[in-house]
Amino acid sequence: MAGAGLPRSVVPRHVGFIMDGNGRWAEERNLPRTEGHSQGAEALRQMIRDANDRGIAEVTCYALSTENFQRRPAQEIRFLMDLLAHHLRQEREEMERMQVRFRAIGRLEELPDQTRETIEQATIETEGNDGIVLRLAVNYGGRAEIADAFESQAPRQDATLESTDEGRERRVIEHLYEPGMPDLDLLIRTGGEIRISNFLLWHCSYAELHFIPILWPDFCADHLDVALEEYAQRVRRFGSIPTTAPGGDA
Ligand code: FPP
């Protein structure tokens, strides 16, 4: 049974997180926004353990959008980059114990050298692990990802290869940031906004959506369990006629 008391068969394989509300969490306490990000990083650390305990195979977390990267004050971006590098180094032993496979997606080539190198190192060092996949979206935008895929398409060699919808979609997927990445089953957004904000546009096509008004630093196992229980009741049709809810018995 999973941590939420759910059988593993109804636990989503891939869960996305839009971790919104760090700034407001800090402002409510008259603290600098950066303190909200530090607490947000702690909540992320705990969430990975909880997700792992519940049998979730992959989590993808929106750490920084391309829009955040371009529009937030340079000092806040620098803080986030340092925080990311710090956690990746500090958590190395724990990642090993949990057999975490770390990955990152986004326009990583635009990140500061030191951040990019730490990301590359963590990716290489954890590549042989066989536990939960922790993927961070950093300087990531869903439209940018699709535009980048379009940009890197080789000229068409054989039109017959793409003559079906499936073939054409496969050709796009081959050029996304991580071609083997599965679609999202469940997307959880904290912070109270009811929108996707340019996150994993391609992979969200049939994701179940779960929005909660709490601020990300306050996110804990109870919130994850509510989302998983709700997910288990959803009927996923993928455009067809309903057969069963993930937790149903028909
Ligand atoms: C959105 O909250 C959150 C971010 C832009 C950063 C997300 C980062 C973390 C959860 C910390 C983990 C960090 C790393 C680098 C792994 P916001 O600041 O937009 O909050 P607001 O909507 O209340 O202003």
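All ligand and atom numbering here is 1-based and tracks the order in the structure.
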### Message
Which residue and atom name correspond to the protein heavy atom nearest atom 13 (C) of ligand 1, and how close is it?
### Response
L83 CD2, 4.0 Å
### Query
Looking at E174 and R171, does any basic side-chain N land under 4.0 Å from a carboxylate oxygen?
no
### Message
Tell me whether W216 has any N or O atom under 3.5 angstrom from an N or O of ligand 1.
### Response
no
### Query
Looking at atom 3 (C) of ligand 1, what's its closest protein heavy atom, distance included?
M19 O, 3.3 Å
### Query
Would you say E193 contacts ligand 1, with heavy atoms under 4.0 Å as the rule?
no
### Query
Judged by non-hydrogen atoms, does R72 sit under 4.0 Å from ligand 1?
yes
### Task
Indicate the ring-plane relationship of Y140 and F199, choosing parallel, tilted or perpendicular according to the 30° and 60° boundaries.
perpendicular
### Query
Going by the atom numbers of ligand 1, which of them fall below 4.0 Å from some non-hydrogen atom of L84?
15 (C), 16 (C)
### Query
Would you call W25 and L31 a side-chain contact if the rule is heavy atoms closer than 4.5 Å?
yes
#### Entry: Whether H87 lies under 4.0 Å from ligand 1, heavy atom
no
### Query
Heavy atoms only: which of L44, I18, N22 is nearest to atom 10 (C) of ligand 1?
N22
### Message
I need the nearest protein heavy-atom contact for atom 5 (C) of ligand 1: residue, atom name and distance, please.
### Response
N68 OD1, 3.6 Å
## Note on the structure
Out of L80, T115, L88, L215, the nearest non-hydrogen contact to atom 15 (C) of ligand 1 is supplied by L80
### Task
Determine, step by step, whether Q90 and H86 satisfy the side-chain hydrogen bond (donor to acceptor under 3.5 Å, both in side chains) criterion, reporting the C-alpha distance in whole Å, the side-chain angles of both residues, the deciding distance to 0.1 Å, and the verdict.
CA-CA 6 Å; Q90 187 187 274; H86 170 76; 3.0 Å; yes
### Query
Going through the checks in order, is the side chain to side chain contact (heavy atoms under 4.5 Å, CB included) test met by E145 and L201?
CA-CA 9 Å; E145 176 171 31; L201 295 183; over 6 Å; no
### Summary
Nearest non-hydrogen protein atom to atom 6 (C) of ligand 1, with distance, is A63 O, 3.2 Å
### Message
Tell me which one of D183, L176, I105, L187 satisfies side chain to side chain contact (heavy atoms under 4.5 Å, CB included) with L200.
### Response
I105
### Query
So among E208, H210, R236, which one has a side chain to side chain donor-acceptor pair (under 3.5 Å) with Y231?
R236
### Query
How far is atom 18 (O) of ligand 1 from its nearest protein heavy atom, and which residue and atom name does that atom have?
R33 NH2, 2.8 Å
### Summary
Checking heavy atoms under 4.0 Å, the part of W25 that sits near ligand 1 is neither
### Query
Do L64 and I77 touch side chain to side chain, with heavy atoms closer than 4.5 Å?
yes
### Message
Quick one, L228 and L186 - any side-chain contact, counting heavy atoms below 4.5 Å?
### Response
yes
### Summary
shortest atom 20 (O) of ligand 1-to-protein heavy-atom contact is with G23 N, 3.0 Å
### Task
Carefully, step by step, assess M81 and Q114 under the rule side chain to side chain contact (heavy atoms under 4.5 Å, CB included).
CA-CA 9 Å; M81 295 294 101; Q114 199 209 352; over 6 Å; no
#### Entry: contact_flag G191 ligand 1 heavy-atom lt 4.0 Å
no
